[in-house]
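Below you'll find the structure, written out as structure tokens, and then a few comments.
Numbers here are sequence positions counted from 1.
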Amino acid sequence: MRRLSHATNNYPGHIIPVAGTIGAMVRLPLTPAEVERGQRLGALLRRARGERSMLETALDACVSPETLRKIETGRVATPAFSTVAAIADVLGLSLDAVWAEINQPERGVEPTGSGHNARERLAS
């Protein structure tokens with residue numbers, strides 16, 4: 001089996017198989033939108049946690065305190081669904097509320113899209 005070099009990113013992103021290898025995966029870089037969404041998730045969880053300790057919250061959610069810290073600081077921008085669900089449950093957040101919060105565009109930033117209107121904005 002071929003090994004991957006250390007040229008891959010050291011942060012989570014999309015994982016794709018590499019042709020011609022068995023079991024090797026490459027992480028694609030996160031998009032700016034994914035990074036921003038991860039930062040919004042982290043901020044939401046920090047606010048919801050309030051004065052509750054990170055250790056207590058993490059242990060109650062059955063995740064490591066280091067994982068919770070990385071999510072709250074945005075270093076893990078795409079945590080596993082089960083991790084987010086467990087933390088949200090401990091903090092009394094509905095997954096619908098989490099989803100709505102993290103998918104809001106930044107205030108004052110116009111959402112970008114594809115298609116004719118996006119090309120017109122770029123051309124102006």
Next item on the list: Using atom types as modelled and distance alone, determine if a side-chain donor or acceptor of Glu36 lies under 3.5 Å from a backbone N or O of Ala33.
Entry: no
Check: Rounded to the nearest 0.5 Å, how far does CG of Asn103 lie from CZ of Arg40?
Finding: 7.0 Å
Next item on the list: Look up atom CD in Glu101 and atom CZ in Arg47, then write down how far apart they are to the nearest 0.5 Å.
Entry: 5.0 Å
Notebook entry, point to check: Atom CD in Glu34, atom OG1 in Thr78: separation rounded to 0.5 Å?
Noted result: 6.5 Å
Item checked: Approximate separation, where rounding is to 0.5 Å, of Glu66 CD and Met54 CE -> 9.0 Å
Below 3.5 Å, can you tabulate the donor-acceptor pairs from side chains in residues 92-99 to any protein atom, sequence neighbours excluded?
residue: Ser94; atom: OG; partner: Ala97; partner atom: N; Å: 2.9

Notebook entry, point to check: Where the side chain of Thr83 meets the backbone of Pro79, is there a donor-acceptor pair that is under 3.5 Å apart?
Noted result: no
Notebook entry, point to check: Just how far is it from atom CG of Leu45 to atom OG1 of Thr57, taken to the nearest 0.5 Å?
Noted result: 9.5 Å
Checklist line | Positive for side chain to side chain contact (heavy atoms under 4.5 Å, CB included) with Leu41, one of Val76, Val84, Ile87 | finding: Val84
Side-chain donor-acceptor contacts of residues 58-65 below 3.5 Å, not counting sequence neighbours, with atom names and distances?
residue: Asp60; atom: OD2; partner: Arg52; partner atom: NH2; Å: 2.3
residue: Ser64; atom: OG; partner: Thr67; partner atom: N; Å: 2.9
residue: Ser64; atom: OG; partner: Thr67; partner atom: OG1; Å: 2.8

Checklist line | Atom pair CG (Leu44) and CD1 (Ile102), whose distance is rounded to the nearest 0.5 Å | finding: 8.0 Å
